[in-house]
Amino acid sequence: MHDGSGLIAVQNLTKQFGSVTAVQNLSFTVSPGSVTGFLGPNGAGKTTTLRMLLGLVKPTSGTATINGRPFHQLGRPGRVVGAVLEAQGFHPNRTARNHLRVYASAIGVPDAQADQVLGLVGLSTAAGRNVGGFSLGMKQRMAVATALLGDPQVLVLDEPANGLDPEGIAWLRNFLQSFARMGRTVLISSHLLAEVEQTVDQVVIVSRGQTMYYGPLEHLRQQQQRRVFVQPSDVGALATALREAGVQALEQLPDGRLAVSGVDAKQVADTALRAGVSVYGIQEEQADLEQIFFRLTSGQFAGHAPAPYQQQQGGWA
Ligand SMILES: Nc1ncnc2c1ncn2[C@@H]1O[C@H](COP(=O)(O)OP(=O)(O)O)[C@@H](O)[C@H]1O
Ligand SMILES: [Mg+2]
């Protein structure tokens, strides 16, 4: 039924608009069976990248391929990739079903497919209504339905959660995850980490057209220097024991706890045990992903940035 595996490969992709470098030497791959978040602040180059992938913008250099081919060599692209782009227009006086039939005939799939995809996005009961009267959330579902007409292996969505209410975001999350679990490929962009955090299996974080991180969110979380908060029976004795064990970064918090960096909770508790200090409470700090995301991408505005990610997956150089 499907043509090829559904692999998206972006390799050394660069796009120059005059003096503006919208995308700079970007590389990442998206495998079938997963949802990949394409994250970065406004102006980071997400839309330009997705448009190059969809054959709407010509790369200055590098390649963006689906199933190993650039978009214009896909043969029947509507069957391979479906896309939800920003600011999609719908004819306001056309019913949902008729809108979809127009697109269905354009890509050569049967009319019946219109009702099929309306069912997939939960709009069956609205099939006969004019799209002009749809809420923003319903319009976003319509955009997804349009992208699904060709029963594509790959789904590319540019900021699909923009303006969606929490219910719409939850629907989109469930939908994209089950779509990926069927072995298909999903690439979804957003300027808000929180919007897609629970949806994605891995992320590509871009800033100023460059990759800042590429890998699972969980690795990003783990790489952060986390602190251990411990409530000991004797702060002074534990601090001394930790220093003797080589721990440099210690801070006493106003509530009487110690904040310890560079070790995990087990090491702190073991040290306390050896020093004869009781531990009344201990917890590891939760890394705040939003902060990490902000730190990785804030250089776009501040004029100085962390070094872009270079080689190994799941880290940055
Ligand atoms: N057609 C264009 N002509 C000139 N500059 C453009 C064009 N499209 C995008 N840009 C510029 O490229 C940069 C990246 O834009 P874009 O890809 O839309 O980022 P994002 O989708 O991440 O917000 C921005 O500086 C934007 O102004
Ligand atoms: Mg954009």
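Read the numbers this way: they start at 1 and go in the same order the structure lists the ligands and their atoms. By convention here, the first residue in the shown sequence is residue 1. Values below: every heavy atom of this structure, side chains too, minus hydrogens, waters and symmetry copies.
Taking all atoms of both residues into account, the shortest heavy-atom contact from Leu100 to Leu149 is O-CD1, 3.5 Å.
You'll find the side chain of Leu85 reaches within 4.5 Å of the side chain of Leu54, heavy atoms only. With contacts defined as side-chain heavy-atom distances shorter than 4.5 Å, the pair His99/His91 does not qualify.
Atom CD of Gln11 is surrounded by 12 or fewer heavy atoms from other residues, nucleotides or ligands within 6.0 Å.
Here the options are Arg274, Lys266, Gln267, the test is side chain to side chain donor-acceptor pair (under 3.5 Å), and the partner is Asp270; only Lys266 passes.
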If you apply the rule side-chain contact (heavy atoms from CB on, under 4.5 Å), what do you find for Val200 with Ile188, and how did you get there?
CA-CA 8 Å; Val200 300; Ile188 171 178; 4.2 Å; yes
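Around the Mg ion (ligand 2), protein N, O or S atoms at less than 2.8 Å comprise Thr47 OG1.
Protein residues having a heavy atom under 4.0 Å from any atom of ligand 1 are Phe17, Val20, Ala22, Pro41, Asn42, Gly43, Ala44, Gly45, Lys46, Thr47, Thr48, listed by chain and number.
When hydrophobic clusters are built by joining Ile, Leu, Val, Met, Phe, Trp and Tyr residues whose side-chain heavy atoms come closer than 4.5 Å, directly or via intermediates, Tyr103 is grouped together with Val109. Leu26 and Leu56 fall within the same hydrophobic cluster, defined by Ile, Leu, Val, Met, Phe, Trp and Tyr side-chain heavy atoms under 4.5 Å apart, directly or through other members.
Defined by atom type and a distance below 3.5 Å, a donor-acceptor pair is present between the side-chain atoms of Gln198 and Arg173.
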